[in-house]
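Residue numbering restarts at 1 for every chain, and letters A, B, ... go by the order of the sequence lines.
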There are 2 protein chains.
Amino acid sequence: MGKREYLGQLELMVLLAIARPSSRDAYGVSIARDIARSSGRQVALASVYAALERLERKGFVISSLGEPLVARGGKARTYFRATPAGIKEARETHATLRRLSDGLSGLKGQPA
Amino acid sequence: MGKREYLGQLELMVLLAIARPSSRDAYGVSIARDIARSSGRQVALASVYAALERLERKGFVISSLGEPLVARGGKARTYFRATPAGIKEARETHATLRRLSDGLSGLKGQPA
DNA sequence: GCTTATTACTTCTATATTATAGAAGTTATG
DNA sequence: CATAACTTCTATAATATAGAAGTAATAAGC
């Protein structure tokens with residue numbers, strides 16, 4: 001079995017945010033918003049763009065330029081979609097985490 | 001709400017491996033084995049020890065020296081347990097990922 | 001009709017944090 | 001000495017951060 005690395009935490013979140021079926025027309029800012037909403041924490045936009053670049057280099061997402069938008073001075077946005085390999089990767093990581101968290105929900109954590 | 005960072009990917013896996021109820025007497029090597037088994041990928045021992053240090057610094061795990069072991073020349077192992085804060089953190093990260101992966105399992109990924 | 005602002009992103013620079021490989025260290029036996 | 005079963009160290013690479021800067025068409029102000 002070849003040597004593969006684990007996706008970084010933010011890379012995984014970005015990939016999930018793109019791969020989920022409820023995600024349409026994902027782009028940098030919308031992805032960051034998605035993650036902030038799901039996690040309750042802020043994420044630096046620069047981090048999201050950096051993660052997107054890495055994910056694309058690895059073949060897990062693919063980008064395409066949209067149409068010019070009046071809303072942003074005729075500039076087009078860059079949209080992202082997950083590739084089949086990306087969805088596979090996300091699912092595998094997810095499965096790994098699920099395996100590692102067996103019974104976690106039954107445990108008592110710190111209150112509040 | 002203070003500014004909090006996301007746990008690294010390996011930190012999360014290490015924390016989960018320690019926090020899960022089926023984990024008894026977790027220590028560096030056993031944690032690495034656990035992760036390798038759950039993920040199907042190798043993880044560098046040095047990475048696990050580094051992650052453990054960080055998790056302890058952050059108050060998510062706590063270490064204690066076991067008893068001298070004949071099996072390893074009278075040296076004791078260092079065992080780790082998750083703190084309540086650690087369990088809380090693991091649960092939160094887990095919940096975030098679950099929220100981000102809504103419907104992911106229904107998607108088609110790359111075959112094989 | 002020209003600046004200057006505004007909008008909604010995207011990119012850049014510099015730095016900090018996390019993860020890696022591979023070698024070295026430890027301590028009582030064999 | 002060599003071995004066993006970890007643990008630590010060194011050096012480097014990959015990932016993530018903050019905050020500033022860049023971009024292109026309209027909108028505002030004079």
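Of the residues in residues 44-57 of chain B, B:Ala44, B:Ala46, B:Ser47, B:Arg54 come within less than 4.0 Å of DNA chain C through at least one heavy atom, sorted by number.
For the residue pair A:Tyr79 and A:Arg77, a side-chain donor N or O sits within less than 3.5 Å of a side-chain acceptor on the partner. When only modelled atom types and interatomic distance are considered, B:Thr93 and B:Tyr6 share no side-chain donor-acceptor pair under 3.5 Å.
Here B:Glu53 does not pair with B:Arg57 in a salt bridge; the nearest charged N to carboxylate O distance is not below 4.0 Å. Comment: B:Glu92 does not engage B:Arg98 in a salt bridge, judged by the lack of any side-chain N to carboxylate O separation of less than 4.0 angstrom.
A:Lys58 has no side-chain polar atom (N or O) that falls below the 4.0 Å cut-off from OP1 or OP2 of D:dA14.
A donor-acceptor pair is defined here as one N or O able to donate and one able to accept, closer than 3.5 Å; such a pair exists between the side chain of B:Arg20 and the backbone of A:Arg99.
Among the nucleotides C:dT20, D:dA16, D:dT17, the one closest to any side-chain atom of A:Glu11 is D:dA16. Taking the side chain of B:Thr78 as heavy atoms from C-beta on, and the options D:dA24, D:dT7, D:dA16, the nearest nucleotide is D:dT7. Set against C:dT18, D:dC6, C:dA8, the side chain of A:Arg77 has C:dA8 as its closest nucleotide. Closest contact between the side chain of B:Tyr27 and the listed nucleotides D:dC6, C:dT27, C:dA19 involves D:dC6. Distance from the side chain of A:Val29 is smallest to C:dC9 among C:dC9, D:dT17, D:dT7.
Taking five base pairs at each end of the helix from C:dG1-D:dC30 to C:dG30-D:dC1 and finding the rotation axis that steps the C1' atoms of four pairs onto the next four gives two axes whose angle is 30°, to the nearest 10°.
A:Asp34 approaches B:Leu100 most closely through the heavy-atom pair O-CD2, 4.2 Å.
Rounded to an integer number of Å, the gap from B:Gln42 CD to C:dG22 P is 13 Å. Put simply, OH on B:Tyr79 is 13 Å from P on D:dA5, counting in whole angstrom units. Rounded to an integer number of Å, the gap from A:Arg33 CZ to C:dT10 P is 11 Å. Distance A:Leu7 CG to C:dT18 P: 17 Å, rounded to the nearest Å.
Side-chain contact between B:Leu7 and B:Phe60 is present, with heavy atoms from C-beta onward closer than 4.5 Å.
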